[in-house]
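Only heavy atoms go into these numbers, but all of them, side chains included; no hydrogens, no water, no symmetry mates.
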Amino acid sequence: MTTHDEQVEGGIDAIMPHLVALPPDVQRTVVMEMVTRWLCEYPAFAREPLLADLLQAIRTMTPYMEMERWGPDGHPQKEPGPTPTEGSV
């Protein structure tokens with residue numbers, strides 16, 4: 001039996017190669033579309049709390065993912081630079 005964490009990792013492993021192969025603006029749109037489709041599965045009254053929980057989880061996880069991706073010093077770009085449309089996931 002596959003655990004929840006194994007299913008999550010499998011899903012990420014399946015999606016990320018496709019996502020990173022796309023231009024940044026398309027990556028952003030794909031992620032937005034996926035979240036929108038996920039939210040639409042719930043009734044309207046439940047969407048705001050779900051979205052708030054999702055954003056809080058993203059805010060919490062981002063520093064850890066950044067360290068995993070870039071090491072203990074975090075993202076190498078410390079100063080403002082390219083917009084998200086000019087970077088990649």
Nearest heavy atoms of [X] and [Y], plus distance in Å:
X: Ala46; Y: Tyr42; value: CB-CB, 4.3 Å
X: Val20; Y: Pro17; value: CG2-O, 3.7 Å
X: His75; Y: Trp70; value: CD2-NE1, 3.4 Å
X: Gln27; Y: Leu22; value: NE2-O, 2.9 Å

Legend entry - Side-chain donor-acceptor pair present, Glu33, Thr29, cut-off under 3.5 Å: no
For the [atom1] atom of [X] and the [atom2] atom of [Y], what is their distance to the nearest 0.5 Å?
X: Glu9; Y: Met16; atom1: CD; atom2: CE; result: 11.0 Å
X: Leu19; Y: Arg28; atom1: CG; atom2: CZ; result: 12.0 Å
X: Met61; Y: Gln56; atom1: CE; atom2: CD; result: 12.0 Å

Legend entry - CD (Glu68) with more than 12 external heavy atoms under 6.0 Å: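 Count not over threshold, so no.
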Inset, instruction - Report the C-alpha separation of Val30 and His18 in whole Å, then their side-chain angles, then the decisive distance to 0.1 Å, and conclude whether the side chain to side chain contact (heavy atoms under 4.5 Å, CB included) test is met. - result: CA-CA 10 Å; Val30 167; His18 300 287; over 6 Å; no
Connected via hydrophobic side-chain network under 4.5 Å: [X] and [Y]:
X: Val35; Y: Leu55; value: yes
X: Met65; Y: Met67; value: no
X: Ile15; Y: Val26; value: yes
X: Ile12; Y: Tyr64; value: no
X: Ile58; Y: Leu51; value: yes

